[in-house]
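All remarks here apply to the structure that follows.
Along the sequence shown, residues carry numbers from 1.
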Amino acid sequence: MFKLLPKMEKKFNVAFIAIAIFCLSPLNGKAQTSHKNQLSQWYKSYNDSTHGANIDEAFKFLKQNKQTPPQKIIVGIIDSGIDTLSTDLKDALWTNSKEKPDGKDNDRNGYIDDIHGWNFLGTKDKSFNMISAGTEEFRQFKRLYPKYKNLTKETATDKAEFDFYEKMKKKAGIESYIKFYQYNILKLNAIQKMDSILRKVSNINRDTLTIKALMSLPIKEKEWESSTEMILGDLLQSDKDELWKNLAINKEKELGTIKKRIDSIERDPDKRLLMGDNMENASDRFYGNSVLQIDGYDHGTFIAGVIAGQGIVNKDYQGVYPDAKLMILRSSPNGDEYDKDIASAIRYAVENGAKVINMSLGKYTSPNPQMVNDAIAYAAKKDVIIVQAAGNNGKDIDSIDYFPTGKNNKGILYPNFIRVGSTDRKGNICRFSNYGKNAVQIYAPGEDIISVMPGNEYAASQGTSISAPIVCGIVAMLRAYFPKLKAAQIVDIIKRSGYSTNNSAENNVKCINALTAVKLAMTYKK
C-alpha cells in the first residue's frame, strides 16, 4: 500500500492519508504502479526543470574517478525509533559487534544489549516507553503551575520567572483552556439556577421536561432570563426532544472532565521522570533500554529510509547512501524532545563510532540549551558532523531562537553543525520551511519524497525532517569516500556546493548539489 503523508514535522503525530497510487505486496516484494514517472525520486536528479540534489550524477562521477573503495560509515539517527524488521532497513542497521543480546553489558559501555543503538525514552526494566511528551512550553508551564497558579506579578517574588510562566502559559494554549473551564463553571451555575426555579413551579414535571418545552416556558424572572441567555448556545445545539435533566447531568459531567484535566496539570507528574536519571546532570547518561521498535516509530523509519534504505522491496526507492550503517537512537517522542535525551544520544553516537548524526527535530523553547550545545561541541572535538532540520513553521529563525542552536556561548556556530531547510522542484523555499540567512546553512529537496514505512510499505511526504536526511546521506557518502577530510571541511564543502536558481538567488537560498560537493572534496586541499 502506498501512502501520502502530510508535512512531516518533528511533531510527527501525523494522520496517514492512504492514496491508491500503487499496491505493494510484502509477500513477493514486488510493486506495481501505473504512475512510475510521477513517483520517481526526483530529488536525486538535477536539470533545468527539476532542481534536485544531483545525487545520481555524483555517484557516476565517483565510480569513474575515485579508485579507492569507500570506508564504512556509521550514521546516528536521533529520532523516534524505527521498524527494525523492515526488509529495506534491517540490513542497513549498525550492529555493535562487541555486544550480545544476553542481558549483560558485554562491551562495558554502560548500555545493556545495545545491539543496534539505544532507547533513551524507556525505563531500564522496559515496563514503560514514552511515546507522547507534549510541547516544551506545556511542560514548563506544568512545572511552574503549582508555584504561580494563585499569584500575580505583583505578588510573585521572582518577577522574571513569573513572566516566563505567563509566557509558557500563553504559548501552550493553557490560558484559553482555563478560560474555557471558567466559562463552563458559569454555564453550570446558570443551569443550576434554572433548575432551582423549575423546582418551584408546581405544574412542571422536571423529569419529563424537554428542551423544546423548556424554551417555551413563560417564566419572567430576571435570573431565569439571564441564565437562559448564558446557555442559549447549548440549548439551540441540543436535540429539541432531549430531556432537560439529561442536559444538566451531561454539563456537570463535562465540567468534571475539564476540571480533571486542569487538576492533572498539578497532580500528574511528568512521565519522563520514570527514567530515573537526574535531568539536570548531563553526565548521568546510563538510563533507558534497548527497545527501538515502539509505537510511533513511523517518523524514524521514514528518515532511516531516506538515508540508507536498501531498495530491496522496490529498487527505485533506495536511500541516498545505502552503504551507510544506521545507529538508532530513540530520543524524540511525539511532541518536543527533552534536552537531556538529545545530549545523551549525541554522546552515545560519538562514543560508539558514528561519524554523522541526523537530527530531524527542533523546538522554540529549551530549558537547558547549553547541555545540548555542549554535546555538539563534544561531537566537534571528536570529528563528528551533526545535521539538523530547520523546522516546518515558515518562520525566519534568524530573528527567533530555534533549538538546538548549534552555537557556543559566544554565539558562534560550531564548525561541525549544519541546519537544513526545504526546497521544491523549482528551487524555491517550501512554504512550510523555516529559513534564515545565518540560521539555515543549506537547503535540500523537501517535498514529494518517497521512503520506507513500517510493515514494508512506502509513503510520500514533505518537511525539513526529510531534507535533513538527504543532506545527511550526502555527508555520509563524502565521509566514506574522502575519510581524510575533517568534519569542518565536509561542512564547508556542503555549504560551498550549494547552487542558486533564478527563483532562489534573491533570497540567498543555496540548494545542495552532491556532484559539486564530490568535485570540491576531490580538490579540497589542492
[X] side chain to [Y] backbone, donor-acceptor under 3.5 Å:
{"X": "E457", "Y": "P454", "value": "no"}
{"X": "S332", "Y": "D79", "value": "no"}
{"X": "D398", "Y": "K437", "value": "yes"}
{"X": "S433", "Y": "C430", "value": "no"}
{"X": "K142", "Y": "S264", "value": "yes"}
{"X": "D83", "Y": "Q293", "value": "no"}
{"X": "S497", "Y": "A517", "value": "no"}
{"X": "N119", "Y": "S290", "value": "no"}

Contact check, side chains of [X] and [Y], non-hydrogen atoms, under 4.5 Å:
{"X": "F302", "Y": "V452", "result": "no"}
{"X": "N368", "Y": "E280", "result": "yes"}
{"X": "L292", "Y": "L329", "result": "no"}
{"X": "D91", "Y": "I312", "result": "yes"}
{"X": "F141", "Y": "E137", "result": "no"}
{"X": "I450", "Y": "Q41", "result": "yes"}

Exercise: do [X] and [Y] side chains pair donor with acceptor under 3.5 Å:
{"X": "T84", "Y": "H116", "answer": "no"}
{"X": "S45", "Y": "N47", "answer": "no"}
{"X": "R419", "Y": "Q388", "answer": "yes"}
{"X": "Y458", "Y": "D88", "answer": "yes"}
{"X": "T135", "Y": "D336", "answer": "no"}
{"X": "N393", "Y": "Y364", "answer": "yes"}
{"X": "Y287", "Y": "S344", "answer": "yes"}

*Could you walk me through whether Y499 and K510 pass the side chain to side chain contact (heavy atoms under 4.5 Å, CB included) check?*
CA-CA 5 Å; Y499 64 88; K510 296 291 186 178; over 6 Å; no

Nearest 0.5 Å please: distance from the [atom1] atom of [X] over to the [atom2] atom of [Y].
{"X": "I470", "Y": "T423", "atom1": "CD1", "atom2": "OG1", "value": "8.5 Å"}
{"X": "L93", "Y": "K325", "atom1": "CG", "atom2": "NZ", "value": "8.0 Å"}
{"X": "F138", "Y": "D270", "atom1": "CZ", "atom2": "CG", "value": "9.0 Å"}
{"X": "I77", "Y": "M327", "atom1": "CD1", "atom2": "CE", "value": "10.5 Å"}
{"X": "Q310", "Y": "Q318", "atom1": "CD", "atom2": "CD", "value": "7.0 Å"}
{"X": "I386", "Y": "I376", "atom1": "CD1", "atom2": "CD1", "value": "4.5 Å"}

_For S467, give me all partners under side chain to side chain donor-acceptor pair (under 3.5 Å), at least two apart in sequence or on another chain._
S422

*Compute both the distance and the angle, then confirm whether R139 meets the cation-pi test with Y338: under 6.0 Å from the six-membered ring centre, within 45 degrees of the axis.*
yes

Which atom pair, heavy atoms only, marks the closest approach of [X] to [Y]?
{"X": "P333", "Y": "S331", "value": "CD-O, 3.6 Å"}
{"X": "A487", "Y": "I385", "value": "CB-CG1, 3.5 Å"}
{"X": "I342", "Y": "E337", "value": "CG1-CG, 3.5 Å"}
{"X": "V75", "Y": "A476", "value": "CG2-CB, 3.8 Å"}
{"X": "T50", "Y": "W42", "value": "CG2-CE3, 3.6 Å"}
{"X": "I82", "Y": "A304", "value": "CG2-CB, 4.2 Å"}

Residue [X] excluded, over 12 heavy atoms near [atom1] under 6.0 Å:
{"X": "K271", "atom1": "NZ", "value": "no"}
{"X": "R431", "atom1": "CZ", "value": "no"}
{"X": "D295", "atom1": "CG", "value": "no"}

Side-chain atoms of residues 60-72: list all donor-acceptor pairs with protein atoms under 3.5 Å, sequence neighbours left out, distances to 0.1 Å.
residue, atom, partner, partner atom, Å
K60, NZ, E57, OE2, 3.4
N65, ND2, F61, O, 2.9
K66, NZ, Y481, O, 3.4

Would you tabulate the side-chain donor-acceptor contacts of residues 403-415 under 3.5 Å, counting partners in other chains and residues two or more places apart, or write 'none'?
residue, atom, partner, partner atom, Å
T405, OG1, N373, ND2, 3.0
T405, OG1, K407, N, 3.3
N408, OD1, K410, N, 2.9
N408, OD1, G411, N, 3.1
N408, OD1, I412, N, 2.9

*asked:* Under the criterion side-chain hydrogen bond (donor to acceptor under 3.5 Å, both in side chains), I'd like the reasoning laid out for N434 against N392: C-alpha separation, chi angles, the key distance, then a yes or no.
replied: CA-CA 6 Å; N434 286 351; N392 301 322; over 6 Å; no

*Qualifying salt bridge (Lys or Arg N to Asp or Glu O under 4.0 Å) pairs, either residue in residues 339-358, two or more places apart*: R272-D341, D277-K340, R285-E351, D339-K363, K355-D383

*Among I73, I490, L485, V356, which one satisfies side chain to side chain contact (heavy atoms under 4.5 Å, CB included) with L478?*
I490

*Take V313 and T87 through the test side chain to side chain contact (heavy atoms under 4.5 Å, CB included) and record every step on the way to the result.*
CA-CA 7 Å; V313 177; T87 301; 3.9 Å; yes

*Do D396 and Y435 pass the side chain to side chain contact (heavy atoms under 4.5 Å, CB included) test, and can you show the C-alpha distance, the side-chain angles, and the key distance before you say yes or no?*
CA-CA 5 Å; D396 180 356; Y435 57 93; 3.5 Å; yes

*Which of parallel (below 30°), tilted (30 to 60°) and perpendicular (above 60°) describes W118 and F120?*
perpendicular

*Just grab all the side chain to side chain donor-acceptor pair (under 3.5 Å) pairs involving residues 485-495, residues at least two apart or on different chains.*
D492-R496, D492-Y524

_Using side chain to side chain contact (heavy atoms under 4.5 Å, CB included), reason through V372 and S366 one step at a time and then give a plain yes or no._
CA-CA 10 Å; V372 182; S366 175; 5.5 Å; no

_Summary of ring pair (Phe, Tyr, Trp, His ring centres under 6.0 Å) pairs that have at least one residue in residues 342-361, sequence neighbours excluded_ = Y111-Y348

